[in-house]
Colleague: 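This is the structure I have questions about; it appears just below.
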Amino acid sequence: MSQDDVKAASRALSIEYAIRDVVVPATVLESHGHDILKLNIGDPIAYPGLPTPDHMVDAYANAVREGRNGYSPSYGIPALRDAIAADEREKGWPATSDDIYVCHGVTEALQILFAGVLEEGDVVLAPGPHYPPYMAYPQMYGAHTTEYRLDPNDGWRIDLADLESKMNDSVRFVVLINPNNPTGNVATPEEVDAVLRIVEDWPQCMVIADEIYDGLDFTGHHVSVASRSDRVPVVTLNGVSKVYFAPGWRIGWFGLHDPQNRLGSVREALERLLRSRLCASTPAQQGYLAGLTGDRSWMGPYAERVKLQRQRCLDRIEGIEGMEVEAPGGAFYMFVRLTDPAWVANDKQFVLDLLHEEHVLLVHGSGFSPERGRGHVRLVYLADVEVLDEGFDRIERFLKRHRSRSKTEMDS
Ligand SMILES: Cc1ncc(COP(=O)(O)O)c(C=O)c1O
């Protein structure tokens, strides 16, 4: 930086988002005419065969055409808040439309929650590894994120003792991402209850339950966290991006479950912030409303397809030397362990070399947790089986080539 450069805020310059950071070198390769096989981004629309359902697209397009293009109320269109609350009541907690606040995606909801609650020195306790914004955003408000351990040798289940040992008066949020990105683990109802019991002892602490993948649960034991809590305040997060296959619409929401009526001041802070940023996209809210109120029979076949692709990945990884995986219970990610010593401490190099040599794009595990994600890569299994097979053929070839190279180096 020269002396005359206009200064940026250091808090912004230190932000990282691994999932998109690796897209930069991929775009350079594409600009040189290479086709990149992308298994990196959790966007169902990036892969053929899983389009946003027609009735949702029609509702969005009709809203635009019919001139419903004005601002909506700041907390969301009333009919949409009603529909979300009804859906959450089905999941087991007594949501009313007043408890639901519609945002520009769960990512905006997180920014509002952190802005509304966190003070200097506060702590967010998030699963390690986790979706990167849970690390990036709290630091904007002088807070920081600490990780509790997910067990890499036991399906990435929550290490309750580790979580409990990290609780103190500064912890304002315990985050449950369920199913988790990047590991795909789904907490059992007993684990959820155990987390709530731990948080119960800390009156200034709430639970964030990010349930954006809840419709992609292959274990059958997924539960809404709010539905299990009769004391701890729970902020549920969900939206249109993953289970309704429309991430580009940028609609998500947070819901406040306040069983002991302790969130009056938090609610006021959040509502003030929401009003100050006007509203989420009005026509996109209409599209989501159609998804919630219309026929949902399309969801079964979509989930079946994702499940088949999941199985193909598990079968392929089983047959490849240099990779291991804990089978994910939900979402559409696998967090694959690299077992060749050359890559264990070097997952980012693995991703970059694989990209340049074989034109396959994954995300380095350390981008989801420097400590607990190290030696892993995240793979998205939304592509169809032929594309996945091609990806695995190339990964296998790459691993073999590097293994024989390092053997030659050791021998010489
Ligand atoms: C756990 C989790 N939460 C939230 C999001 C983003 O949600 P939205 O598209 O609603 O901002 C993602 C996207 O990958 C995610 O994995």
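Please read all numbers here as calculations on a predicted model, not as lab measurements. One-based numbering, in listed order, for ligands and for the atoms of each.
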Colleague: Write down the atom of Thr145, the atom of Tyr134, and the distance for their closest heavy-atom approach.
Modeller: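 Looking at all heavy atoms of both residues, the closest pair is OG1-O, 2.6 Å.
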
Colleague: Are there more than 12 heavy atoms of other residues, nucleotides or ligands under 6.0 Å from atom CG of Asp201?
Modeller: yes

Colleague: May I have the step-by-step check of ring pair (Phe, Tyr, Trp, His ring centres under 6.0 Å) for Trp249 and Tyr60, ending in yes or no?
Modeller: CA-CA 9 Å; Trp249 290 4; Tyr60 188 143; 4.8 Å; yes

Colleague: Among all protein heavy atoms, pick out the one at the shortest distance from atom 6 (C) of ligand 1; state its residue, atom name and that distance to 0.1 Å.
Modeller: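 Protein heavy atom at minimum distance: Tyr131 OH, 3.4 Å.
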
Colleague: What protein heavy atom is closest to atom 8 (P) of ligand 1, reported as residue, atom name and distance in Å?
Modeller: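 Result: Val106 N, 3.4 Å.
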
Colleague: Considering only non-hydrogen protein atoms, determine which one is nearest to atom 15 (C) of ligand 1 and report residue, atom name and distance to 0.1 Å.
Modeller: Tyr213 OH, 3.4 Å

Colleague: Check Asp159 with Arg149, please: is the shortest side-chain N to carboxylate O separation under 4.0 Å?
Modeller: yes

Colleague: Under 3.5 Å between some N or O of ligand 1 and some N or O of Ser241?
Modeller: yes

Colleague: Using a 6.0 Å cut-off, check whether atom NZ of Lys166 has over 12 heavy atoms from anything other than its own residue.
Modeller: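 Result for NZ/Lys166: enclosed.
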
Colleague: With ring centroids as reference points, do Phe173 and Phe114 lie under 6.0 angstrom apart?
Modeller: yes

Colleague: With heavy atoms only and a cut-off of under 4.0 Å, state how Thr107 meets ligand 1: side chain, backbone, both or neither.
Modeller: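 Thr107 to ligand 1: contacts from backbone and side chain alike.
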
Colleague: Might you point out which heavy atoms bring Pro328 and Tyr381 nearest each other, and give the distance in Å?
Modeller: CG-OH, 3.9 Å

Colleague: Could you list which atoms of ligand 1 come closer than 4.0 Å to a heavy atom of Asn181?
Modeller: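 Near Asn181, the atoms of ligand 1 are 14 (O), 15 (C), 16 (O).
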
Colleague: Any idea which protein heavy atom is nearest atom 7 (O) of ligand 1, and the distance to it?
Modeller: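 For atom 7 (O) of ligand 1, the nearest protein heavy atom is Ile212 CD1, 3.4 Å.
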
Colleague: Heavy-atom distances under 4.0 Å decide this one: backbone, side chain, both or neither, for Lys242 against ligand 1?
Modeller: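 Lys242 to ligand 1: side-chain contact only, backbone stays beyond 4.0 Å.
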
Colleague: Do other residues, nucleotides or ligands put more than 12 heavy atoms under 6.0 Å from Arg296 CZ?
Modeller: yes

Colleague: Number the atoms of ligand 1 from 1 as they appear, then name those within less than 4.0 Å of a heavy atom of Arg250, with their elements.
Modeller: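 Per the distance check, 8 (P), 9 (O), 11 (O).
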
Colleague: Classify the contact between His104 and ligand 1 as side chain, backbone, both or neither, using a heavy-atom distance cut-off of under 4.0 Å.
Modeller: neither

Colleague: Take atom CD of Glu318 as the centre, draw a 6.0 Å sphere, and report whether it contains more than 12 heavy atoms from other residues, nucleotides or ligands.
Modeller: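 Not more than 12 within 6.0 Å, no.
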
Colleague: Give the numbers and elements of all ligand 1 atoms closer than 4.0 Å to a heavy atom of Ile177.
Modeller: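 Selected atoms, number and element: 1 (C).
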
Colleague: By number and element, which atoms of ligand 1 are closer than 4.0 Å to a non-hydrogen atom of Asp210?
Modeller: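 With Asp210 as reference, the close atoms of ligand 1 come out as 1 (C), 2 (C), 3 (N), 4 (C).
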
Colleague: Ignoring angles and geometry beyond distance, decide whether Ile251 reaches within less than 3.5 Å of ligand 1 through its nitrogen or oxygen atoms.
Modeller: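 Checking ligand 1 against Ile251, no N or O pair falls under 3.5 Å apart.
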
